[in-house]
J.: 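Got a structure for you, written out below as structure tokens; questions coming shortly.
All values reported here derive from a predicted model rather than from experimental measurement.
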Amino acid sequence: MLSSSPYRDVKVIDVARKAGTSPATFYQYFPDVEGAVLEIAEQMAAEGAQLTHLLEGRSWVGKAGWQTSQDLVDGFLDFWRKNDAILRVVDLGAAEGDKRFYKIRMKILNSVNNSLTDTVKELQSKGKVDKDVSPAAMAGSLVAMLAAVASHQRGFQTWGVKQAELKPNLALLVHLGVTGKKPTK
């Protein structure tokens, strides 16, 4: 329903009807529509925490590094596209200052952010990334960029950018941000 109706227009009666149940049954499980959305968002955030697997044990050197950045971009954009409707509500709630939605958003973003921070630190320890780079700042910037691009995927089409063009260019930015180097393709 969230993909076809604005969040604030979804009413308990509509949800109950769509689920083939009564509003009374709905209220046995959830206090209101927002409560149901939060439950769905928590489940989605648990799935989002798995985004860390896109980076675990991966190399950022040579062609493998280019593949890692492409896989991260693909996985992140796919996750966002799959969960677009609920993520729009999470983003809206977080932007309005609702700490419950903010925590859910951060749970998703932290899985990638923490892994990228560790990656940059590891590359620094091996002398492959400049010591003046702040791992947390770089990772946070890249994750914020990924989230912004992911939530704006449809908008790129209005600029004449095809999905097939977006992914490699975004992967290039991620690779440059993590390694400081142009990828080996």
J.: With sequence neighbours excluded, give me every ring pair (Phe, Tyr, Trp, His ring centres under 6.0 Å) pair touching residues 159-185.
T.: His152-Trp159, Phe156-Trp159
J.: Please assess Arg100 against Glu34 for the test salt bridge (charged side-chain N to carboxylate O under 4.0 Å, His left out), listing each intermediate value before the final yes or no.
T.: CA-CA 11 Å; Arg100 299 168 303 171; Glu34 186 174 78; 2.7 Å; yes
J.: Would you say Asn169 and Glu165 are linked by a side-chain donor-acceptor pair, where the criterion is simply a distance under 3.5 Å?
T.: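 No, no side-chain donor-acceptor pair sits under 3.5 Å.
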J.: Linking I/L/V/M/F/W/Y whenever their side-chain heavy atoms sit closer than 4.5 Å, directly or via other members, would Leu173 and Val129 fall into one cluster?
T.: yes
J.: Any chance you could measure Thr179, atom OG1, to Asp130, atom CG, to the nearest 0.5 Å?
T.: 12.0 Å
J.: Could you go through the side chain to side chain contact (heavy atoms under 4.5 Å, CB included) check for Asp84 and Arg154 one step at a time?
T.: CA-CA 11 Å; Asp84 178 61; Arg154 291 185 187 133; 3.5 Å; yes
J.: Check step by step if side chain to side chain contact (heavy atoms under 4.5 Å, CB included) holds for Val90 and Ile108.
T.: CA-CA 11 Å; Val90 169; Ile108 296 162; 5.5 Å; no
J.: Carefully, step by step, assess Phe101 and Leu38 under the rule side chain to side chain contact (heavy atoms under 4.5 Å, CB included).
T.: CA-CA 7 Å; Phe101 286 109; Leu38 281 165; 3.6 Å; yes
J.: Among Leu116, Thr117, Val178, Thr119, which one satisfies side chain to side chain contact (heavy atoms under 4.5 Å, CB included) with Pro135?
T.: Thr117
J.: Using the rule that two of Ile, Leu, Val, Met, Phe, Trp, Tyr join whenever any of their side-chain heavy atoms come within less than 4.5 Å, decide whether Trp80 and Val161 are in one cluster.
T.: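 The answer is yes; both residues are in one hydrophobic cluster.
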J.: Please round to the nearest 0.5 Å and tell me the distance separating atom CD of Gln67 and atom CD of Gln70.
T.: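 So the gap between those two atoms works out to 5.0 Å.
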J.: For Ser111 and Gln50, indicate whether the former's side chain and the latter's backbone hold a donor-acceptor pair under 3.5 Å.
T.: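 No: the side chain of Ser111 does not pair with the backbone of Gln50.
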J.: Look only at the side chain of Thr52 and the backbone of Ala49, and say whether a donor-acceptor pair between them is shorter than 3.5 Å.
T.: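 Between the backbone of Ala49 and the side chain of Thr52 there is no qualifying donor-acceptor contact (under 3.5 Å).
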J.: Quick one: does any side-chain atom of Asp71 pair with a main-chain N or O of Leu54 as donor and acceptor, under 3.5 Å?
T.: no
J.: Apply salt bridge (charged side-chain N to carboxylate O under 4.0 Å, His left out) to residues Arg88 and Asp91 and explain how you reach the verdict.
T.: CA-CA 5 Å; Arg88 276 187 284 111; Asp91 283 348; over 6 Å; no
J.: What about Trp66 and Val120, same hydrophobic cluster or not, with Ile/Leu/Val/Met/Phe/Trp/Tyr joined at side-chain heavy-atom distances under 4.5 Å?
T.: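 Looking at the clustering, Val120 is in a separate group from Trp66.
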J.: Under 4.5 Å between side-chain heavy atoms, hopping through other hydrophobics if needed: is there a path connecting Met145 to Leu77?
T.: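 In one cluster with Met145: Leu77, yes.
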J.: With a 4.0 Å cut-off, would you call Asp78 and Arg81 a salt bridge?
T.: yes
J.: Return yes if some donor-acceptor pair links the side-chain N/O of Asn83 with the main-chain N/O of Phe79 below 3.5 Å, else return no.
T.: yes
J.: Phe76 vs Val174, test: side chain to side chain contact (heavy atoms under 4.5 Å, CB included). Steps then yes/no.
T.: CA-CA 12 Å; Phe76 200 94; Val174 169; over 6 Å; no
J.: Decide whether Leu172 and Val133 are clustered together by the hydrophobic rule: side chain heavy atoms of Ile, Leu, Val, Met, Phe, Trp, Tyr closer than 4.5 Å, transitively.
T.: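 No, Leu172 does not connect to Val133 through the hydrophobic network.
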J.: Pairs in or reaching into residues 39-48: which pass salt bridge (Lys or Arg N to Asp or Glu O under 4.0 Å), with residues at least two apart or in two chains?
T.: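 Residue pairs with at least one partner in residues 39-48: Glu42-Lys107, Glu47-Lys82.
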J.: Is it the case that over 12 heavy atoms from other parts of the model lie below 6.0 angstrom from the NZ atom of Lys167?
T.: yes
